[in-house]
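Below, chain A is the first sequence line, B the second, and so on; all start at residue 1. Note that this is a predicted model, so its numbers are computed, not measured.
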Amino acid sequence: MIKITFPDKSVREYPKGITGIDIAQSLSSQLARDVLSITVNNQLWDVTRPINNDASIKLHKWDDEEGKHAFWHSSAHLLAETLETIYPGTKFGIGPAIENGFYYDIDTGDNVVIKESDLPEIEKKMLELARTKNDFIREEVSKANALKYFTQKNDEYKIELINDLEDGTITLYKQGNFTDLCRGPHLPNTSPIKAIKLLSVAGAYWRGDEKRKQLTRIYGISFPKQKMLDEYLILLEEAKKRDHRKIGKELELFTFSQKVGQGLPLWLPKGAALRERLENFLKKVQRDHDYQQVITPHIGQKELYVTSGHYAKYGQDSFQPISTPAEGEEFLLKPMNCPHHCEIYKSKPRSYKDLPIRLAEFGTVYRYEQSGELHGLTRVRGFTQDDAHLFCRNDQLKDEFKKVIDIVLYIFRTLDFKDFTIQISLRDKENHEKYIGSEENWEKAESAIIEACAEKELETVIEYGEAAFYGPKLDFMVRDAIGRKWQLGTIQVDYNLPERFDLEYMGSDNQKHRPVMIHRAPFGSMERFVAVLIEHTAGKFPLWLTPEQAVILPISEKYNDYAKKVLKLLNNYDIRAVLDDRNEKIGKKIRDNELKRIPYLLIVGEKEMELQHIAVRKQGEGDKGSMKIEEFANFVNSEVDEILKSSI
RNA sequence: GCCGAUGUAGCUCAGGGGUAGAGCGUUUCCUUGGUAAGGAAGAGGUCACGGGUUCAAUUCCCGUCAUCGGCUCCA
């Protein structure tokens, strides 16, 4: 007998060689049906694999990440098996489970191209194969045998993967006629896979290396029940409805013009109004935290970026320098604001008493993003950072850093991003050529961030290799209303640029010292932030931000004059109101303006005109009754004040 | 940049070797209506751009550009 310890620390005895599924069966037959994988002594196992020694275990069902993982991983194998049936000779790369579903990277050779229109047929065949209820059979093999099998199969990708593995750790999984190199775990058999949707076909470089062959990647998702797939597809539809590119067009927030150039957003009046309000909000927060606004030009001499190191790092694949006709001077469109801000710092001698100096600018920068990378407002070639650079003494660094964290958290609270993760992005120590600056500076910068986060008791994850080339970062990722993750704000500690720009201050010891810099942008960029805000709110912006807070709807043209009077009064109260005086019935006007996501619809007709009232209808909620104009104005204004105040 | 797909009216989209269609929007007229679509008439298109094949190309072929799904990259 062996002792099995459960997550609640209870211990039961089972015969040696018991499997996860048998353990589940001993607890309840329902559990035996639901269990998908098992963790045995912190290793993920198949539920059919015999356990021969005392162990602590955890059974995973669909609700656990580990359970879904096994389910989707098995689905990937099923996809591969299907592809091998339909397209014999296909070579296989990797086929993992991902956050939502799975994919398989394949090489179909030069003569076969799999198109999106082929996916339904593959799906159908997959479901047929799933129903044959083939077992997933795990087999431990020697490296030599593994190599032999895939050599005979002529699959160079698997051979390459095996060559990187240690002998004695290699396992194969077989279901039906398909055998794959795989660590597992898998479902007992294919039958739980009841609903499958193949979502897209894409190119993907072998092992993520753009110098290597591009394989065909097929993305898919699968579920144990058709209903779950239907729900997932509805969620995808919902995401599509929230797409900021679609809503941006509908609400006339921004546009692009081929003539102006790809990746160069044009902010329309309503979008500009929204953005301006965000900027003013942040400016006020920064004023309260003793930041000073500065303004710098959109170009700078090439030399400036040679000094900063940006030219060496990014110059080759950037917008090429602009030259002047006579002197042949070279300028770059600024890709960053920091060098300009460093020069502002240098514009006069600084004393230790002056520090910290906090220079803020909504600085527009231009970066040559690869054409295939451009995406709506989230990835563009010209964008405005809500940038600031804080120059401080070493002894002030941690405190300054913590204050910036406070600002970022305040902004997230105010904008109703409740769910976010914080990532400490450190350098990859193996890869020195990616970074500039001394080992010592990096150590100092990285520990400053780690300590500041610890003191603020932030829950963080550390990612190596994610640092900027000049320093480590703290990155903020928000989860939006339908659960998608977006990277927004960033705070970076930098000992390197102060050195490169030879920044100094006079210390209390009458000696020159080097300040340390913090780069920070709570929104990241205005473009990206507005995009995320659109998707988070589905275009239903909070009252304090929305371009139009209220629309006045006269019942008929007879009341247009009264409506104009209401409009004027509301505008005098600083309410952003507009008038819909089209010759349409009230039902039509309500429908159209609800679709425009305007928070308040104000209906005026005979009754309202007599009482000098407005009938208030709240978007999405309906009739709120009639009230005096002043009363409504005060109500709206106090609601706005409340939002901004309550989040402090 | 790479792989694949797409590009038809302001928007969403149908069509297809014989120079174009719907709905919404827009304009005009009728209607003056009380909480999610009143009616009628009209305007609006070099079918992304440039080549080629053809008696004839928006349709087929090639190239370019842009967009979309990914990959790589992201100061």
Can you measure [X] atom [atom1] to [N] atom [atom2] for me and round it to whole angstrom units?
{"X": "A:I586", "N": "B:rU31", "atom1": "CD1", "atom2": "P", "answer": "20 Å"}
{"X": "A:H244", "N": "B:rC68", "atom1": "NE2", "atom2": "C1'", "answer": "13 Å"}
{"X": "A:R212", "N": "B:rG1", "atom1": "CZ", "atom2": "P", "answer": "24 Å"}
{"X": "A:I603", "N": "B:rG34", "atom1": "CD1", "atom2": "P", "answer": "12 Å"}

Sub-3.5 Å pairs of nitrogen or oxygen atoms, protein against nucleotides 26-29 of chain B:
none

message: Applying a 4.0 Å non-hydrogen cut-off, can you work out what A:R617 is touching in the nucleic acid: base, sugar-phosphate, or nothing?
response: base
Side chain of [X], heavy atoms from C-beta onward: which of [options] has the nearest atom to it?
{"X": "A:E594", "options": "B:rA36, B:rC71, B:rC74", "answer": "B:rA36"}
{"X": "A:H310", "options": "B:rG70, B:rA75, B:rG34", "answer": "B:rA75"}
{"X": "A:A202", "options": "B:rA75, B:rG70, B:rC65", "answer": "B:rG70"}

If only side-chain N and O atoms of [X] are considered, is one of them under 4.0 Å from the OP1 or OP2 phosphate oxygen of [N]?
{"X": "A:Q214", "N": "B:rC2", "result": "no"}
{"X": "A:S200", "N": "B:rG70", "result": "no"}
{"X": "A:Y205", "N": "B:rC2", "result": "no"}
{"X": "A:K249", "N": "B:rU67", "result": "no"}
{"X": "A:R245", "N": "B:rC68", "result": "yes"}

message: Set out, in order, the CA-CA distance, both residues' side-chain angles and the distance that settles side chain to side chain contact (heavy atoms under 4.5 Å, CB included) for A:F256 and A:Q262, then state yes or no.
response: CA-CA 7 Å; A:F256 290 89; A:Q262 59 173 166; over 6 Å; no
